[in-house]
Amino acid sequence: MNLLEVLRNRFQSVLENKVEDPGRYIAMVLPAQNAQFGDYQANCAMPLSKVLGKPPREVAADLIAEVDVSDLCEPPEIAGPGFINLKLKTDLLEQEFAKVFTSERLGVEPVASPEKIVIDYSSPNVAKPMHVGHLRSTVIGDALYKILSFLGHDLTSDNHIGDWGTQFGMILYGYRNFVDQEAYKKEPVAELSRLYRLVNKLSEYHTTVEMLPGLEWKLGEAEQAVNDAEAQFEQDDKQGKKQLKKLRSDLESIRQSVTKAESLVAEIEEDEIYGPLAAAHPNIHTDARLETSKLHGGDAENRKLWDEFLPACLDVMNVIYNRLHIKFDYSLGESFYQPQLADVVEELKSKGLAEESQKAMCVFLPDFKAPFIVQKQDGAFTYATTDLATIRYRVETLKATSILYVVDARQGEHFQMLFGTARRWGYENLNMQHVSFGTVMGQDGKPFKTRSGDTVGLGELLDEAISRAFSIVVANDESKPNGPELDEAERKQIAEIVGLGGIKYADLHHNRESDYIFDWDKMLSMTGDTATYMQYAYARVCGIFRKADVERDAIRQREDVSIQLTHEAERALGLQLLRFSEALSATAQELKPNLLTNYLFETANAFSTFYDRCPVAKENDEAVRISRLKLCDVTARTLKQGLNLLGIETSERM
RNA sequence: GCACCCAUAGCUCAAUUGGAUAGAGCAUCGGUCUUCGGAACCGAAGGUUGUAGGUUCGAAUCCUACUGGGUGUACCA
C-alpha cells in the first residue's frame, strides 16, 4: 500500500464536495517536512480559506471533522496558520509492515495503466571514445529503464548510436590517407580514433586559417568601438558605463578567440608532423565531407569500409557496456534509418510542413526563428530527419505510447523543435520527453572537452574505481575482529561491485538537471552519502543473520510472531521501509533517480540508527528478537531491490 | 542581437514543485568505543538562498529590474 495515496484518497472524497478542482488541494497532502510535525501533513487549509471564505484554521477544523482517517492516524492536529499534522497509528504501521514482509514486491503495486515506453539513452558516437557525458546518459537511462519496468510499464531500451554522420567521413578520409596498417591490425578502433582526431585537427586548422582574417578585422572593429566609447564616456551616465562594459567584454572574448585561433595555427604549422600534412591536404574539410556523402550515396568502396569499421567500433563499446552490466533491447543506430529518410522528407513536404528555404528543406515552427532543417543544400539529410524517422519507427513498429530521451541539456532546443514537428506531423498523442541532464564539468568548472581527445577514457575510469575499491576492501577485511574472511576472488568481486556502484551513484544522486563537477575523490569516496554506505548497511544486515546463524527463510515462516515497532528507532525504520512505493512513484513521476537515492540513503541511515540502538541477535526476548529480525530482513530486501533498480549491486559480505 | 539555463553553508549538492526553524555529505570541532561488522552512531559550529523591489496568510521556488556565469542560435550530432 502506498500510504500517501491512501491518505490522499481520504482527503479527495471530502474535497470533491467542497471545490471544483480538488486535484491541487489533494496534492498538498505530503510527507511531513519535519518529523516533529508527525508523519504526513495536509497543507490545503490555507489556500482553501480564500475559496471557502473562512479562516484557515476553521477550514482545517472542518476538514479534520469530515475526513475519516481514524483507522489510519492518531487524531490530527492543527498547527500554525492551518497545517494539519497527521501521525500514523503504530499498529497500522505494524499491520502494513506485515503485508510488506510477505510481499515479493515489497508492497509496491504495479501501475494501473501501463505504458509502452521507448527509452533512448547512451547514444555514443562510434568515432569518438566514450566519455563521462555518455556515462551520465547511460547510467541515468539504465536506472529509469529498471525503475519504470519494476513499476509495471512495458519498456524498450534503444541505443541510438551515431554511426552515420560527418565523423565517419573523417575516418574514411583518414583511413584513405593516413592509416598505419600495423596499428590498425593490432588495435583497429584505437587507430580509427587516432585518424578521426587527426583529420579533425587538420580540418580545424584550415577552417581556422580561413576564419582568421575575419576575426582579426572584428578585433579591430571592437577595439575601435571601445576607444570611441571611452572617449565619449566622460560625462555619460550609467547607461554609457554599462555599454562600455559590454563592449569591453565583447572585445575580450574576440581577443580570446583570436589568440586561440593563432595558437592553434602556430601549433600545427610548427609541428614537424602536422605542418606538412596540413599543407598537403588543403581541402581536407570538404573532402572529408565528400566521403560522408559518398557513403550516404551508396558508394561501394566506402560502404565496404564502413561495414568493416563498424563491428570493431561496436565491440569496443560493448566492452564498456558489459563492464557496466548494461544491456539494450535494441541498438538501432542512425544508419538503420537511412533508407527511410527520403520518404520522411517527402511526407513532410506533402503535408505542407517542409518547404524550401535557401536551398535547404526546412520546417518552420511558430516559436522558433531558426528552421528545423531536414535536408541540407547538398541533399544530405540531417539528424533532425533521422530523429523524425526514429519517432515514426518507434510508434509504428515498436508501438510506443511514450518516448524518453536521456540526452544532454544542450540539445534542449533541438528536442523542442523535434517534438513540435512530430506533433504537427501527426504524433500529437505521443508522449515525448527530453529527460535532460546537465553538463559534467572538470575541476576548473568548465565543461569537459571532447574534441581535443584528452578526456578520461571510460575504461580507465572503471579500472581506477575498482582498484581504489580493492584496497579499501582489503584494508577492511584485514581489520575484522576475527581475522580476514574473504579470499582473493571474493575481494576482487566485491571491489568491482563497490567501485562500479560508486561511479554510478555519483551520477545518480545529483539532480540530473544540474551541472556537476566531476571529482575522482568524491566519486570513489567510501563514506557519507555514497553507494558504499548502503552496500555496507546491506552487508551488515546479512552479517546479523549469518553470525546469529538464522536463516532468513526461517524468519519468514514465523507468522506466530507479529512485528512490533515500540522503540523510536524501530518505528522510524518501519515507516521508512513502508515508503518504498512512495519513493518509486515520485522517482518515476519526475524521472529523477536522485529521489530514489535520497530514499535509500535515508533508509540506510534509519537502519544504522536502529542498529546502534536496538540489539537484534543479542536480544533475549524472543518475540522482540524475531520482530527485529523481520525488520532487518525487509531492510536488506529494500536496499538490495532499490540499489538494483539503480544498476548497483550488493554483496552479503564486504 | 535573440532564446534558454544557473547562482543556496568553506567545498560538492538537496529541498517532495508556493509551506512551518532552508537540509545532507565532505572538511572542522567534540562525544560514543572490551563493536549483534567502527566503511558506524550521537552532537556542535557553519546561511541576509547573487542584489533590489514586487505578488500573498507564506517565496530559494512566481513576477520585474540589475549583477555575475553558462549554453544554444541555417545546413555537426
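In what follows, chains carry the letters A, B, and so on, assigned in the order in which the sequence lines appear, proteins first and then strands, with residues in each chain numbered from 1.
A:Arg546 comes within contact range of at least one nucleobase, with a heavy-atom separation under 4.0 Å. Across all strands, A:Asp515 comes closer than 4.0 Å only to sugar-phosphate atoms, never to a base (heavy-atom distances). Counting non-hydrogen atoms under 4.0 angstrom, A:Ala360 reaches a base of the nucleic acid. At the heavy-atom level, A:Asn511 lies under 4.0 Å from the strands shown only through sugar-phosphate atoms. Heavy atoms of A:Met654 sit under 4.0 angstrom from at least one base atom.
In this pair, A:Tyr611 lays its aromatic ring flat on the base of B:C36, centres within 5.5 Å and planes under 30 degrees apart. Taking a centre distance below 5.5 Å and an interplanar angle below 30 degrees as the stacking criterion, A:Phe37 stacks against the six-membered base ring of B:A20.
When the nucleotides B:U73, B:U12, B:A39 are ranked by their closest atom to the side chain of A:Glu413, B:U73 comes out on top. Comparing B:A74, B:C41, B:A15 by their nearest atom to the side chain of A:Arg613 picks out B:C41. Closest to the side chain of A:Arg540, from the set B:C57, B:A74, B:G37, is B:G37.
Neither side chain, A:Tyr405 nor A:His160, offers a donor N or O lying under 3.5 Å from an acceptor on the other. When only modelled atom types and interatomic distance are considered, A:His509 and A:Asn598 share no side-chain donor-acceptor pair under 3.5 Å.
OP1 and OP2 of B:G37 both lie 4.0 Å or more from every side-chain N or O belonging to A:Asn476. A:Ser608 has no side-chain polar atom (N or O) that falls below the 4.0 Å cut-off from OP1 or OP2 of B:C42. At the phosphate of B:C42, OP1 or OP2 sits under 4.0 Å from a side-chain N or O atom of A:Thr609. Look at A:Tyr533 and you'll find a side-chain N or O under 4.0 angstrom from OP1 or OP2 of B:C41. In this model, the phosphate group of B:C57 is approached by a side-chain N or O of A:Lys50 to a distance below 4.0 Å at OP1 or OP2. In this model, the phosphate group of B:A3 is not approached by any side-chain N or O of A:Lys369 to a distance below 4.0 Å at OP1 or OP2. Phosphate contact (OP1/OP2 of B:U16, side-chain N/O of A:Asn594, threshold under 4.0 Å): absent.
B:A74 and B:C11 have their P atoms separated by 37 Å, with the value rounded to a whole Å. Taking atom C1' on both nucleotides, B:G47 is separated from B:G37 by 38 Å, rounded to a whole Å.
If you run side-chain contact (heavy atoms from CB on, under 4.5 Å) between A:Phe437 and each of A:Asp515, A:Asp507, A:Ile140, only A:Ile140 comes through.
When atom types are taken as modelled, the side chain of A:Ser137 and the backbone of A:Val407 share no donor-acceptor pair closer than 3.5 angstrom.
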